[in-house]
Amino acid sequence: DPEKRLRVGFTGGDFRAHSAAYMFGTIYEHLDRERFEVVTYADLSTTDQVTDWFRDASNGWRDVTAWPDEVIAEAVRRDRIDVLIDLAGFTDKSHLMVHMLKPAPLSINAWGHLTGTGLDCMDGLIVDRVMLTEDRRHEITETPCYVPFALGFSPSKDHVEITPRPEGAPLTFGYLGRIQKISDPTVALWAARYCLTAPARRLPPAPRSRRCATRPTAARLPRPTSPV
């Protein structure tokens, strides 16, 4: 029925001040509510003002914290969800088992893992032409659901303003993620840029990264030829 208002459910645990929420929050903000009704199934270890925003942006809000997957699946059936969208992939509180129970006609993966899930229960993966080019479609098991752009970003309302770099101050290189997520080509690119920039300084790694062994690639990279 092309005139039917679709009921879309979202499952995940990042409906809070979290980097992922700043990506998929744009969907909640701009989804046409005359065509779609949004029901959120949130498994939350903590809540904050961002949680309140998602709750207000939902037509239906289900706090499924500590619920078994079978109970969540039954709630999805009662809510008569047409499309159930996973926002967590294989990260914490994803509840992929709910999707495996097929409580909705369609299950879609989005934003949790950009490489898809590899699960037969997932009917599609929301991507754009940059994330998944035509020659790489064989790398996913889901049917690609192409949209004009799949990754938006809405900064936190209380984000820190970026100030201009003081005149004469060195450039600062910093990385605020887990070191094991950095690919070899990325390290090589950073090294090349680092060698071309002088003077410069690096921030120390995040505390979590100190538990990781230094990437072997770093030892093979060219040393800066200019003052650092």
Side-chain angles (χ1 to χ4, degrees), residues 5-67 69 72 75-76 79 81-96 98-99 103-104 106-117 122-132 140 142 144-162 174-178 181 206 208:
R5 186 188 187 200
L6 293 179
R7 293 176 63 82
V8 180
F10 291 94
T11 62
D14 296 326
F15 303 100
R16 54 189 175 87
H18 187 279
S19 57
Y22 299 133
M23 306 297 281
F24 60 73
T26 56
I27 302 301
Y28 274 70
E29 186 174 358
H30 298 291
L31 203 61
D32 186 349
R33 297 311 174 90
E34 292 186 0
R35 299 175 55 198
F36 303 99
E37 186 175 355
V38 172
V39 181
T40 300
Y41 302 89
D43 185 344
L44 299 168
S45 54
T46 60
T47 60
D48 51 32
Q49 292 181 341
V50 178
T51 306
D52 296 336
W53 183 89
F54 277 107
R55 185 184 292 109
D56 293 340
S58 302
N59 300 102
W61 178 268
R62 310 286 183 261
D63 185 345
V64 300
T65 305
W67 287 19
D69 292 318
I72 300 175
V76 172
D79 290 333
I81 297 300
D82 297 299
V83 182
L84 189 62
I85 299 180
D86 161 59
L87 296 175
F90 291 101
T91 59
D92 191 28
K93 303 182 184 299
S94 67
H95 291 288
L96 286 174
V98 172
H99 294 262
L106 288 175
S107 279
I108 304 293
N109 177 239
W111 301 290
H113 271 243
L114 302 183
T115 54
T117 62
M122 286 296 175
D123 302 293
L125 172 68
I126 295 179
V127 293
D128 57 35
R129 300 289 176 179
V130 174
M131 291 170 53
L132 185 68
I140 65 170
E142 299 90 344
C145 304
Y146 283 106
V147 294
F149 67 94
L151 293 177
F153 179 74
S154 294
S156 170
K157 300 299 186 293
D158 56 355
H159 68 280
V160 177
E161 294 291 338
I162 299 176
Y175 172 69
L176 302 179
R178 299 181 184 181
K181 290 185 176 181
R208 180 177 292 177

Undergrad: Could you label the plane-to-plane angle of the F24 and F15 rings as parallel, tilted or perpendicular, counting under 30° as parallel and over 60° as perpendicular?
TA: perpendicular
Undergrad: Do you know which two heavy atoms are closest between G9 and I81, and how far apart they sit?
TA: N-CG2, 3.5 Å
Undergrad: Please report the interatomic distance CD1(I140) to CE(M131), rounded to the nearest 0.5 Å.
TA: 9.0 Å
Undergrad: Report, as yes or no, whether the 6.0 Å neighbourhood of atom CZ on R35 holds more than 12 heavy atoms from other residues, nucleotides or ligands.
TA: no
Undergrad: Could you measure the distance from the CG atom of D52 to the OG1 atom of T47? Nearest 0.5 Å is fine.
TA: 7.0 Å
Undergrad: A side-chain contact here means heavy atoms from C-beta on lying under 4.5 Å apart; do T51 and L44 qualify?
TA: yes
Undergrad: Any sub-3.5 Å donor-acceptor pair from R5's side-chain atoms to R33's backbone N or O?
TA: yes
Undergrad: So, the side chain of S94 versus the backbone of G89: is there a donor-acceptor pair under 3.5 Å, distance only?
TA: yes
Undergrad: Under 4.5 Å between any side-chain heavy atoms of R16 and T46, yes or no?
TA: yes
Undergrad: Counting C-beta onward and ignoring hydrogens, is there a side-chain heavy-atom pair between Y146 and L132 closer than 4.5 Å?
TA: yes
Undergrad: CD1 of I85 to CE of M122: how many Å apart, nearest 0.5 Å?
TA: 10.0 Å
Undergrad: Determine the interplanar angle of the Y28 and F54 rings, folded into 0 to 90°, and report it as parallel if under 30°, tilted if 30 to 60°, perpendicular if over 60°.
TA: perpendicular
Undergrad: Taking side chain as C-beta onward, heavy atoms only, is I108 less than 4.5 Å from D86?
TA: no
Undergrad: Are F10 and I27 close enough, and set up right, to give a side chain to side chain contact (heavy atoms under 4.5 Å, CB included), and what steps lead you there?
TA: CA-CA 11 Å; F10 291 94; I27 302 301; 4.3 Å; yes
Undergrad: So D14 and K93, do their side chains get closer than 4.5 Å, heavy atoms only?
TA: no
Undergrad: Search all heavy atoms of H99 against all heavy atoms of H95 and return the closest pair with its distance.
TA: CD2-O, 3.6 Å
Undergrad: What heavy-atom pair brings G116 and F90 nearest, and what distance separates the two atoms?
TA: O-CE1, 4.3 Å
Undergrad: Keeping the roles fixed (side chain from D123, backbone from S107), state whether a donor-acceptor pair exists under 3.5 Å.
TA: yes
Undergrad: Side chains of D79 and R7: does their closest heavy-atom pair fall under 4.5 Å?
TA: yes
Undergrad: Checking the side chain of D82 only, and the main-chain atoms of L6 only, is there a donor and an acceptor separated by less than 3.5 Å?
TA: no
Undergrad: Check whether any side-chain heavy atom of T117 lies under 4.5 Å from a side-chain heavy atom of E142, and answer yes or no.
TA: yes
Undergrad: Checking D128 now: which residues fulfil side chain to side chain donor-acceptor pair (under 3.5 Å) with it, not counting sequence neighbours?
TA: none
Undergrad: Which distance, rounded to the nearest 0.5 Å, do you find between the OG1 of T40 and the CZ of R55?
TA: 10.0 Å
Undergrad: Any non-hydrogen side-chain atom of L84 less than 4.5 Å from a side-chain atom of T11?
TA: yes
Undergrad: Side chains of D63 and Y41: donor-acceptor distance under 3.5 Å anywhere?
TA: no
